[in-house]
Enquirer: 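Just dropping this structure here.
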There are 2 protein chains.
Amino acid sequence: MSLTADLIRGHTDAIILAHLVEKDSYGYEINKAIQAKTSGDYEMKEATLYSAFRRLERAGLITSYWGDATIGARRRYYAVTPSGQRFYYQNREEWQHAKRIIDALLP
Amino acid sequence: MSLTADLIRGHTDAIILAHLVEKDSYGYEINKAIQAKTSGDYEMKEATLYSAFRRLERAGLITSYWGDATIGARRRYYAVTPSGQRFYYQNREEWQHAKRIIDALLP
DNA sequence: CGGGGATACCTTGACAGGCGAGGTATCTTG
DNA sequence: CAAGATACCTCGCCTGTCAAGGTATCCCCG
């Protein structure tokens, strides 16, 4: 278990949606992007990532489609739905809120 | 489930230790103090609180003793051990770290 | 005096999310 | 041809949260 594993628990969905709000993407790319954005400090485990995809799709927050697999391995692309977008912006606000709370409690 | 419940998941131990680092205390008081410090924005569920006590004590991060129960209901006081203190300070640093990571991922 | 609310503790069991471990298939490069 | 990158996926364990339920004491109000 990495240092930050438990602390980021609960933000998985928002982190994934943050990428999909910008553009449709697929698992492997999202994972690499997370590592890049955090300078390698954080890496989402694959199992976590894919179970999140299933959860989000089941909840109607994202949809998926197979990419053109003429070259390389096939890719399953994900796209945010309108309710997924709302969910994301709401989650971002909640993060700001939670941050204030925790900061108040860990002086 | 309150808005911020999932987001604070994983900080329970640190939040409790933060209070005990200042002074020995007991469950009910800690809970009230959390509510006060967050202006009522956050309240730890009792079951969560007490299961955290058990976990922390098992791990040797806190110890407990019964308070003088001549008046009122009996109180079980908790005190931080040296390793509990180290754990707390380490957790606080990890929180700063996690905060930076999440901020980077939720633009 | 009786009842409700505050104080104070505790346990059980269900549930959800993270993730280790394992698996598949393709492409590129030395 | 082997190794490593790309790309996907599942099973099942573990841990933490918490709804629900329980106990006992004290104080105040009508």
Side-chain angles (χ1 to χ4, degrees), chain A residues 1-17 19 24-36 42-59 61-62 64-78 91 98 101-102, chain B residues 1-17 19 24-36 42-59 61-62 64-78 91 98 101-102:
Chain A
M1 172 167 45
S2 88
L3 284 173
T4 48
D6 272 348
L7 305 189
I8 290 178
R9 185 194 186 101
H11 299 281
T12 321
D13 293 354
I15 289 171
I16 291 171
L17 290 172
H19 284 271
D24 290 11
S25 189
Y26 55 97
Y28 201 82
E29 189 183 54
I30 292 176
N31 214 5
K32 291 296 167 197
I34 290 173
Q35 290 173 51
Y42 182 61
E43 185 200 344
M44 198 171 281
K45 300 304 178 302
E46 283 201 1
T48 303
L49 188 65
Y50 288 109
S51 78
F53 283 147
R54 261 182 280 127
R55 182 170 57 245
L56 290 167
E57 192 160 21
R58 218 189 315 127
L61 302 175
I62 61 175
S64 66
Y65 56 92
W66 284 104
D68 207 355
T70 45
I71 43 127
R74 82 233 144 106
R75 295 170 178 169
R76 186 195 281 279
Y77 281 85
Y78 294 95
N91 266 32
I101 289 177
I102 300 173
Chain B
M1 171 169 44
S2 87
L3 285 175
T4 47
D6 274 348
L7 304 188
I8 291 177
R9 184 193 187 102
H11 299 281
T12 321
D13 293 356
I15 290 171
I16 291 171
L17 290 172
H19 284 270
D24 289 11
S25 187
Y26 55 97
Y28 202 82
E29 190 182 52
I30 292 176
N31 214 4
K32 292 294 167 199
I34 290 173
Q35 291 172 53
Y42 182 60
E43 184 199 345
M44 197 171 283
K45 299 303 178 302
E46 282 202 2
T48 303
L49 188 64
Y50 288 109
S51 78
F53 283 147
R54 261 183 279 125
R55 182 170 58 244
L56 290 167
E57 192 160 22
R58 217 188 318 126
L61 301 175
I62 60 175
S64 66
Y65 56 92
W66 286 103
D68 207 355
T70 45
I71 43 124
R74 83 234 142 105
R75 296 171 178 168
R76 185 194 281 280
Y77 280 86
Y78 294 95
N91 268 31
I101 289 177
I102 300 172

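Quick note on labels: first sequence line is chain A, next is B, and so on, each numbered from 1.
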Enquirer: Give the rounded distance in Å between these two atoms: CD1 of B:Ile30 and P of C:dC10.
Expert: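 So the two atoms are 12 Å apart, to the nearest Å.
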Enquirer: Can you tell me how far P of C:dA16 sits from NE2 of A:His11, to the nearest Å?
Expert: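 For the pair A:His11 NE2 and C:dA16 P, the rounded distance is 20 Å.
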Enquirer: Going by the rule side-chain contact (heavy atoms from CB on, under 4.5 Å), which residues pair with A:Asn91 if we only count those two or more places apart in sequence or in a different chain?
Expert: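 Per chain and number, A:Asn91 pairs via side-chain contact (heavy atoms from CB on, under 4.5 Å) with A:Ala14, A:Phe87, A:Glu94.
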Enquirer: Please report, rounded to the nearest Å, how far the P atom of C:dC9 is from the CG atom of B:Leu49.
Expert: 9 Å
Enquirer: Considering all heavy atoms of both residues, which atom of A:Glu57 and which atom of A:Tyr78 are nearest to each other, and what is their separation?
Expert: OE1-CE2, 4.2 Å
Enquirer: How many Å lie between CG on B:Asn91 and P on D:dG16, as a whole number?
Expert: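 Interatomic distance, CG of B:Asn91 to P of D:dG16: 12 Å.
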Enquirer: Using only side-chain N and O atoms of A:Arg55, determine if any of them is under 4.0 Å from OP1 or OP2 of C:dG18.
Expert: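 Yes, within the criterion.
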Enquirer: Using a 4.0 Å heavy-atom cut-off, write out nucleotides 4-10 of chain D from 5' to 3' as B (base contacted by protein), S (sugar-phosphate only) or - (no contact).
Expert: --BBBBB
Enquirer: Output yes when at least one side-chain N/O atom of B:Thr12 is less than 4.0 Å from OP1 or OP2 of D:dG16, else no.
Expert: no
Enquirer: Find the distance B:Ile16:CD1 to D:dG16:P and express it as a whole number of Å.
Expert: 12 Å
Enquirer: Roughly, in whole Å, what's the span from CG in B:Leu7 to P in C:dG18?
Expert: 12 Å
Enquirer: Please identify each residue that fulfils side-chain hydrogen bond (donor to acceptor under 3.5 Å, both in side chains) with B:Thr12, with sequence neighbours left out.
Expert: none
Enquirer: Show the nearest heavy-atom pair for residues B:Phe53 and B:Ile62, with the distance to one decimal.
Expert: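 So the two residues come closest at O-CD1, 3.7 Å.
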Enquirer: Rounded to whole Å, how long is the line connecting atom NZ of B:Lys45 with atom P of D:dG21?
Expert: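 Computing the B:Lys45:NZ to D:dG21:P distance gives 17 Å.
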Enquirer: Can you measure B:Arg58 atom CZ to D:dC14 atom P for me and round it to whole angstrom units?
Expert: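 From B:Arg58 CZ to D:dC14 P: 14 Å.
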Enquirer: Determine whether any donor atom in the side chain of A:Arg9 lies under 3.5 Å from an acceptor atom in the base of C:dG17, or the reverse, and answer yes or no.
Expert: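 When only heavy-atom distances are counted, A:Arg9 does reach the base of C:dG17 through a donor-acceptor pair under 3.5 Å.
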Enquirer: Show the nearest heavy-atom pair for residues B:Tyr26 and B:Arg76, with the distance to one decimal.
Expert: CB-O, 3.2 Å
Enquirer: Give me the atom names and distance for the closest heavy-atom approach of A:Leu7 to B:Ile102.
Expert: O-CD1, 4.2 Å
Enquirer: Kindly say whether A:Met44 contributes a backbone atom to a donor-acceptor pair with the side chain of A:Asn31 at under 3.5 angstrom?
Expert: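 Pair found, side chain donor or acceptor close to backbone of A:Met44.
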